[in-house]
Amino acid sequence: VLGLATGSTPIGTDKYLKSMYMDGLISFSRVTSFNLDEYIGLNENSDQSYIYFMKQELFNAVDIKEDHIHIPSGVSNDIQQECRQYETDIRKAGGIDLQLLGIGRNGHIGFNEPDLKFEASTHLVSLDEDTIKANARFFSSEAEVPKEAISMGIKTIMHAKKIVLLASGKEKASTIYQMVYGDIHPELPASVLQIHPDVTVIIDEAAASELLAQTPSDENYIHIE
Ligand code: PGA
């Protein structure tokens with residue numbers, strides 16, 4: 001049971017997964033997937049929706065079964081029910097084995113923006129000003145970025161058995177530093193990962209630059225080669 005992510009960060013991962021599938025090294029025939037989030041108001045025909053993105057980037061090229069794919073519907077006429085059903089579906093699938101995460105500049109994971117309660121499960125969220133600005137690059141204008149989304153909550157993410165967080169680029173460097181060494185606080189949602197028992201963080205040198213520059217010498221939370 002894979003928890004999948006969208007955004008620029010996992011595009012490389014999706015490419016590797018596709019080529020490993022093409023080379024016959026892996027199969028998705030027994031995979032059930034749950035994506036982190038979806039914009040409110042966009043359906044699968046909109047090329048900015050995350051369901052569209054996932055089909056383009058991964059699903060159309062591999063042997064995952066259509067009915068094993070789960071992404072919250074951003075056009076459901078009962079959003080609360082959609083959220084509850086998503087949690088039920090995750091539970092029925094036996095929970096998420098591996099959750100892939102990107103991270104926002106503001107420290108969000110999924111669309112869990114700063115200052116949301118850690119105990120939230122799948123829910124309706126209002127997007128942060130900074131997230132709207134960051135994601136405007138995928139739309140023809142900032143005004144077109146939806147203001148709301150359905151997102152797995154922090155609680156949902158924290159229940160995943162294993163988490164892999166990916167980040168690249170200098171603009172994530174201070175967020176990554178805060179995530180690893182900052183206080184565990186909803187102001188920086190990803191800081192909650194400090195208390196998850198099995199998290200792997202994979203970052204490039206630019207995203208690691210503040211960790212490399214400022215790693216407290218008496219800490220051994222992480223090991224950087
Ligand atoms: P990005 O987004 O991969 O496009 O930087 C990550 C996120 O907002 O979670």
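Residues: numbered from 1 along the sequence shown. Values in this document were obtained by computation on a predicted structure and should not be read as measured data. Note that ligands are numbered from 1 as they come in the structure, with each ligand's atoms numbered from 1 the same way. Because only heavy atoms are used, hydrogens play no part in the values below, and waters and symmetry mates are left out as well, while side chains stay in.
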Novice: Between F28 and F59, is the ring centroid distance below 6.0 Å?
Specialist: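 Aromatic pair excluded; centres sit 6.0 Å or further apart.
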
Novice: Would K172 count as a contact of ligand 1 if the rule is a heavy atom under 4.0 Å away?
Specialist: yes

Novice: Supply the atom-to-atom distance R137 CZ to S8 OG, rounded to the nearest 0.5 angstrom.
Specialist: 3.5 Å

Novice: How far is atom 6 (C) of ligand 1 from its nearest protein heavy atom, and which residue and atom is that?
Specialist: I103 O, 3.5 Å

Novice: Which atoms of ligand 1 sit under 4.0 Å from any heavy atom of G102?
Specialist: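 Contacts of ligand 1 toward G102, numbered from 1: 9 (O).
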
Novice: Just checking, any donor-acceptor pair under 3.5 angstrom between side chains of T156 and E87?
Specialist: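 Yes, E87 and T156 have a side-chain donor paired with an acceptor closer than 3.5 Å.
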
Novice: Distance only, no hydrogens: is a donor on one side chain within 3.5 Å (strictly under) of an acceptor on the other, for E113 and S126?
Specialist: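 E113 vs S126: no donor-acceptor pair found between side chains.
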
Novice: Which ligand 1 atoms does S8 reach within 4.0 Å, using its non-hydrogen atoms?
Specialist: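 This gives 1 (P), 3 (O), 4 (O) as the contact atoms.
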
Novice: Can you tell me which residue and heavy atom of the protein come closest to atom 8 (O) of ligand 1, and the distance to 0.1 Å?
Specialist: H108 NE2, 2.6 Å

Novice: Where do N106 and D130 land on the side chain to side chain donor-acceptor pair (under 3.5 Å) test, with the steps shown first?
Specialist: CA-CA 7 Å; N106 63 4; D130 191 59; 4.8 Å; no

Novice: Step through it carefully: locate the ring centre of F53, locate the ring centre of Y39, and say whether they are under 6.0 Å apart.
Specialist: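 No: the rings miss the under 6.0 Å criterion.
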
Novice: Does some non-hydrogen atom of R137 fall short of 4.0 Å from ligand 1?
Specialist: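 It does, in that a heavy atom of R137 comes within the 4.0 Å cut-off of ligand 1.
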
Novice: Going by heavy-atom distance to atom 3 (O) of ligand 1, choose the closest among T9, T6, N106.
Specialist: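 Checking each option, the heavy atom nearest atom 3 (O) of ligand 1 is found in T9.
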
